[in-house]
Amino acid sequence: MTSAPSPTQDFNDAVRHSALTGWQIGSLVTPILSVGLWATRRGRGLRGNVNFHLRSAWVGSAVGTATGAGLGYARYSGLPTGDIRVHSTRQQQDALRARRDDYAKIGAFLGAVLGPAIFFTYGPAYNLVLGGSSLGCAIGTVAHVLQPLHSPSSSRDTTPRDAKTV
């Protein structure tokens, strides 16, 4: 028998969702800011540019995660436990949000693996893994957002295959 989640667990879930959203926003915004800063300060070689972009990507993601968690904590700390439970349940049942989070996590994993494999001589390992993870998160999030534009409307049908008539 499954017991109801505790108020602390609901609060933690809500703050975790806020932190995850902050991570995705930080991963999306940081490369744009990094390229803008790079365009104004030229003069480094390719090795310095790749290391700079990867380092700024993971630092921006970390700042986004901390900001999202802090804002989530500030938002949910003053709410009654019933409102937090309702909000946490809605977040858990939102299929589009879950899919976006999954795309971001899968992209982050692939980026963490492929970043060092592609740019292995361009910076320290921690910049390659964390920066690749951040860029992968951004690519996964963008892939989720752009997916409905490229797929036919019939692929968005969420009816199980067993329930469809042939």
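None of the values given here were measured: they were computed from a predicted structure.
With sequence neighbours excluded, the residues that form a side-chain contact (heavy atoms from CB on, under 4.5 Å) with Thr81 are Pro7. For Asp101, the side-chain hydrogen bond (donor to acceptor under 3.5 Å, both in side chains) partners two or more places apart in sequence, or in a different chain, are Gln24.
When all heavy atoms of Ser56 and Ser34 are compared, the closest pair comes out as OG-OG, 3.0 Å. Here the closest non-hydrogen pair linking Thr21 and Arg100 is OG1-NH2, 3.7 Å. Between Leu28 and Pro31, the shortest heavy-atom distance links the atoms O-CD, 3.7 Å. Here the closest non-hydrogen pair linking Gly111 and Pro116 is O-CD, 4.1 Å.
Of the inter-residue distances, the one linking Phe119 atom CZ with His53 atom NE2 reads 10.0 Å to the nearest 0.5 angstrom. To the nearest 0.5 Å, the span separating CZ on Arg97 from NE2 on His144 amounts to 10.5 Å. Interatomic distance, Gln9 CD to Ser88 OG, rounded to the nearest 0.5 Å: 8.0 Å. Summarising the geometry, atom CD1 belonging to Ile32 is positioned 14.0 Å from atom CG belonging to Leu37; distances are rounded to the nearest 0.5 Å. If you take CG on Leu146 and OG1 on Thr141, they are separated by 11.0 Å, rounding to the nearest 0.5 Å.
Under the 4.5 angstrom side-chain criterion for Ile, Leu, Val, Met, Phe, Trp and Tyr, the cluster partners of Phe11 are Val15, Tyr73, Tyr76, Leu79, Ile84. The hydrophobic cluster containing Tyr103, built from Ile/Leu/Val/Met/Phe/Trp/Tyr side-chain heavy atoms closer than 4.5 Å, comprises no other residue. Other members of the hydrophobic cluster containing Leu33, listed by chain and number, are Ile25, Val29; membership follows side-chain contacts under 4.5 Å among ILVMFWY residues, whether direct or relayed.
The existence of a salt bridge linking Arg99 and Asp102 is excluded, since no basic side-chain nitrogen approaches an acidic carboxylate oxygen closer than 4.0 Å.
Counting heavy atoms from C-beta outward, Phe109 and Ser133 have side chains that stay 4.5 Å or more apart. Side-chain contact check for Gln92 versus Asp13: some heavy-atom pair is nearer than 4.5 Å. Contact check for Arg85 versus Thr89: side-chain heavy atoms found under the 4.5 Å cut-off.
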List, one per line, each side-chain donor-acceptor pair under 3.5 Å for residues 123-130, sequence neighbours excluded.
residue : atom : partner : partner atom : Å
Asn127  : OD1  : Trp58   : NE1          : 2.7
Asn127  : ND2  : Asn51   : OD1          : 2.8

CA sep, side-chain torsions, deciding dist, call: Leu135, Leu54, side-chain contact (heavy atoms from CB on, under 4.5 Å): CA-CA 8 Å; Leu135 294 177; Leu54 291 174; 3.6 Å; yes
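Side-chain contact check for Ser27 and Ser61: at least one donor-acceptor pair (N or O, by modelled atom type) lies under 3.5 Å.
Cluster membership check: Val50 shares its hydrophobic cluster with Leu114, using side-chain heavy-atom separations under 4.5 Å among Ile, Leu, Val, Met, Phe, Trp and Tyr.
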